[in-house]
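All remarks here apply to the structure that follows.
Since we're looking at a predicted model, the values are computed, not measured. Numbers here simply count residues along the sequence, with the first being 1. Below, each value reflects all heavy atoms present in this structure, side chains not excepted, and no hydrogens, waters or symmetry copies. Just follow the structure's listing: the first ligand is 1, and inside any ligand the first atom is 1.
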Amino acid sequence: MQAKIEYLGHSCFLLETGETKVLFDPFITGNPKAKDIDIHNIKADLILVTHGHGDHTQDLLAIAKENNALVISNYEITNWVTDKGHSKIFGMNYGGSKTFRDVRVKMVNALHSSSLPDGTYGGNPAGFLVFFGDKTLYYAGDTALHYDMKLIGDHENVDLALLPMGDVFTMNYTDACLAADFVKAKSIVGMHFDTFPPIEIDHDAAKSHFQSNGKSLILPKRREIITI
Ligand code: NI
Ligand code: MN
């Protein structure tokens, strides 16, 4: 089975499995580099949210309400979503998994922080393993490199890893290259880079670093569609 995943800037992606549209960490209207994307044109059945920071949740409520989408995140963030008037939620925690339509979602840990834009406690930051058809996708969220990623590589068969690599707030591309080793990813896509000046990266240097480690790195352009 082939699925496609479209890059909507920063760490926001839209996965289409055939049966289900899965949106990750919606942040578009505040992204200076995504002015060409109209959130009212985004269709989503499931919205996965890794943590509470504004650059991952800014457009969450608007898109969730407009699409009557199921919001999947940690318990604290889904409670916040309910408080904000959207009750179609599913709260989970580390190690837990659940199947929604043709997609199984497992919440894994990330090494970061989590608070919501209004100061509400946002629980613990997460990443997600997403299983559909015969494919496995690892969406790391915002995270530093950590050794638990090895567990994923040892026990899952990761086709595509989406890894932050803008440095400063997350790991950089050299650590992301180690993360790709740990999770044994067949394909690697970068995210959380270039959106703002502090996380601008040298694309050629990043790609050649991966190449010298026997890997190829995709640094997607906005609206770029990757097939897996
Ligand atoms: Ni963050
Ligand atoms: Mn972030």
Side-chain angles (χ1 to χ4, degrees), residues 5-15 22-35 37 39 42 44 47-64 71-81 84 91-94 107-130 137-146 148-149 161-176 179-180 183 188-201 203 206 217-222:
I5 182 159
E6 181 181 4
Y7 186 47
L8 300 178
H10 199 51
S11 291
C12 184
F13 290 86
L14 182 66
L15 167 70
V22 187
L23 183 69
F24 295 83
D25 282 3
F27 170 68
I28 292 149
T29 53
N31 181 349
K33 300 199 165 173
K35 295 286 180 212
I37 300 174
I39 61 165
I42 296 173
I47 305 178
L48 270 54
V49 181
T50 59
H51 66 294
H53 293 158
D55 61 321
H56 300 260
T57 57
Q58 188 186 36
D59 298 309
L60 168 61
L61 295 169
I63 297 173
V71 176
I72 300 163
S73 188
N74 67 33
Y75 174 77
E76 291 80 2
I77 289 173
T78 53
N79 276 349
W80 178 82
V81 169
K84 297 292 178 189
M92 51 199 305
N93 215 321
Y94 292 158
M107 182 175 272
V108 296
N109 58 326
L111 203 54
H112 193 66
S113 60
S114 180
S115 55
L116 287 148
D118 61 6
T120 305
Y121 173 60
N124 290 312
F128 291 105
L129 285 164
V130 180
L137 181 152
Y138 171 52
Y139 180 85
D142 277 8
T143 187
L145 177 67
H146 62 77
D148 285 348
M149 290 173 180
L162 307 171
L163 303 173
M165 50 186 71
D167 211 346
V168 184
F169 307 111
T170 67
M171 57 189 172
N172 63 8
Y173 65 77
T174 53
D175 279 356
V183 301
I188 305 128
V189 171
M191 62 182 184
H192 214 275
F193 66 92
D194 285 1
T195 316
F196 311 108
I199 58 172
E200 280 171 5
I201 64 170
H203 291 213
L217 168 66
I218 299 169
L219 291 173
K221 296 184 175 57
R222 242 174 4 276

request  = Give the name of the N/O/S atom in His53 that lies closest to the Ni ion (ligand 1).
outcome  =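 Answer by atom name: ND1.
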
Has [X] got an N/O/S atom less than 2.8 Å from the Mn ion (ligand 2)?
X      : value
His53  : no
Asp142 : yes
His56  : yes

inquiry  = Checking one value in my table: which N/O/S atom of Asp55 lies closest to the Mn ion (ligand 2)?
reply    =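 The closest N, O or S atom of Asp55 to the Mn ion (ligand 2) is OD2.
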
key: Ring centers of Phe27, His53 separated by less than 6.0 Å   =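 Aromatic pair excluded; centres sit 6.0 Å or further apart.
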
query = In this structure, which one of Asp25, Asp142, Thr57 forms a side chain to side chain donor-acceptor pair (under 3.5 Å) with His51?
reply =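 Option passing the side chain to side chain donor-acceptor pair (under 3.5 Å) with His51: Asp142.
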
inquiry  = Does atom OH (Tyr75) have a neighbourhood of more than 12 heavy atoms from anything else shown, all under 6.0 Å?
reply    =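 It does not: Tyr75 OH has 12 such atoms or fewer within range.
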
message = Only to 10 degrees, please: what angle do the NE2 atom of His51 and the OD2 atom of Asp142 make about the Ni ion (ligand 1)?
response =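 Rounding to the nearest 10 degrees gives 90°.
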
request  = Any chance you could lay out the side chain to side chain contact (heavy atoms under 4.5 Å, CB included) test for Glu76 and Leu116, step after step, and finish with the verdict?
outcome  = CA-CA 10 Å; Glu76 291 80 2; Leu116 287 148; over 6 Å; no

inquiry  = Among Leu129, Ile5, Thr50, Val189, exactly one meets side chain to side chain contact (heavy atoms under 4.5 Å, CB included) together with Tyr139. Which residue is that?
reply    =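 One option only clears the test, and that one is Thr50.
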
